Amino acid sequence: QVQLVESGGGLVQAGGSLRLSCAASGRTFSSYAMGWFRQAPGKERKLLAAISWTGGNTYYADSVKGRFTISRDNAKNTVYLQMNSLKPEDTAVYYCAATTPWLALEIADYDYWGQGTQVTVSS
């Protein structure tokens, strides 16, 4: 089992950047593929980016491709989401999640979730 805690959210102006972190507990973090999701008010939770347990494979949703970068540091049990060129429509609660063993694109495949961190982008 793994517990996840997100941090790094906040208020930023359009065009700005934020880096989200997701710290995981447990000795088997490196065996999990990880994903970042977001959920805006009244909307479904959607996958933004995912990374394999080695970090060698990544996935990005079209809406964030070229602006967001997912990465991980298995030595620190942490996965990151670097967000650049932020837009007001990026405003949402951002969640990290873990799945095993392979990188997954379906929300139902993720077994463990963090509590979320709010990102607000002002225009």
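This one's a predicted model, so the numbers in the text were calculated from it and none came from an experiment.
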Residue pairs involving residues 35-61 (criterion ring-ring contact (aromatic ring centres under 6.0 Å, His included); sequence neighbours excluded):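 Those involving residues 35-61 are F37-Y110, F37-W113.
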With T54 via side-chain hydrogen bond (donor to acceptor under 3.5 Å, both in side chains) - residues at least two apart: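 side-chain hydrogen bond (donor to acceptor under 3.5 Å, both in side chains) list for T54, sorted by chain: S52.
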Could you pull out all residues at least two apart from [X] that satisfy side chain to side chain contact (heavy atoms under 4.5 Å, CB included)?
{"X": "Q82", "answer": "S17, R19, T69, N84"}
{"X": "V12", "answer": "L18, L86, V121"}
{"X": "T100", "answer": "Y32, D111"}
{"X": "Q118", "answer": "T91, V93, T120"}

For [range], which residue pairs pass the disulfide bond (SG atoms under 2.5 Å apart) check, not counting sequence neighbours?
{"range": "residues 41-83", "value": "none"}
{"range": "residues 28-123", "value": "C22-C96"}
{"range": "residues 37-79", "value": "none"}

Residue pair V79 / I70, side-chain heavy-atom distance below 4.5 Å: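 Heavy-atom side-chain distance check passes, below 4.5 Å.
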Side chain to side chain, Q39 and Y94, heavy atoms closer than 4.5 Å: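 They are not in contact (no side-chain heavy atoms under 4.5 Å apart), so the answer is no.
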N/O donor-acceptor pair under 3.5 Å between E6 side chain and Q115 backbone: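 Yes, E6 side chain to Q115 backbone: donor-acceptor pair under 3.5 Å.
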Side chain S21, main chain Y80, donor-acceptor under 3.5 Å: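 No: the side chain of S21 does not pair with the backbone of Y80.
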Salt bridge (charged side-chain N to carboxylate O under 4.0 Å, His left out) involving K65 - partner list, sequence neighbours excluded: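 Salt bridge (charged side-chain N to carboxylate O under 4.0 Å, His left out) list for K65, sorted by chain: D62.
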Residue list, salt bridge (charged side-chain N to carboxylate O under 4.0 Å, His left out) with R67, at least two apart or on another chain: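 Scan of R67 (salt bridge (charged side-chain N to carboxylate O under 4.0 Å, His left out), adjacent residues dropped) gives D90.
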Connected via hydrophobic side-chain network under 4.5 Å: F68 and I107: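 In one cluster: no.
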ILVMFWY network linking Y95 to L20, side-chain heavy atoms under 4.5 angstrom: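 In one cluster: no.
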Derivation and outcome, side chain to side chain contact (heavy atoms under 4.5 Å, CB included), residues T78 and R72: CA-CA 6 Å; T78 302; R72 67 189 296 160; over 6 Å; no
Please report the closest heavy-atom contact between [X] and [Y], naming both atoms and the distance.
{"X": "A104", "Y": "L47", "answer": "O-CD2, 3.8 Å"}
{"X": "A49", "Y": "L81", "answer": "CB-CD1, 4.2 Å"}
{"X": "A14", "Y": "P88", "answer": "CB-CD, 4.1 Å"}
{"X": "V2", "Y": "S25", "answer": "CG2-O, 3.0 Å"}

Qualifying salt bridge (charged side-chain N to carboxylate O under 4.0 Å, His left out) pairs, either residue in residues 41-51, two or more places apart: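 Matches after skipping sequence neighbours: none remain.
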Over 12 non-hydrogen atoms of neighbours within 6.0 angstrom of CD in E89: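 Atom CD in E89 is crowded, with more than 12 foreign heavy atoms closer than 6.0 Å.
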R38 CZ to L48 CG distance, which is reported to the nearest 0.5 Å: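 Between atom CZ of R38 and atom CG of L48 there are 5.0 Å.
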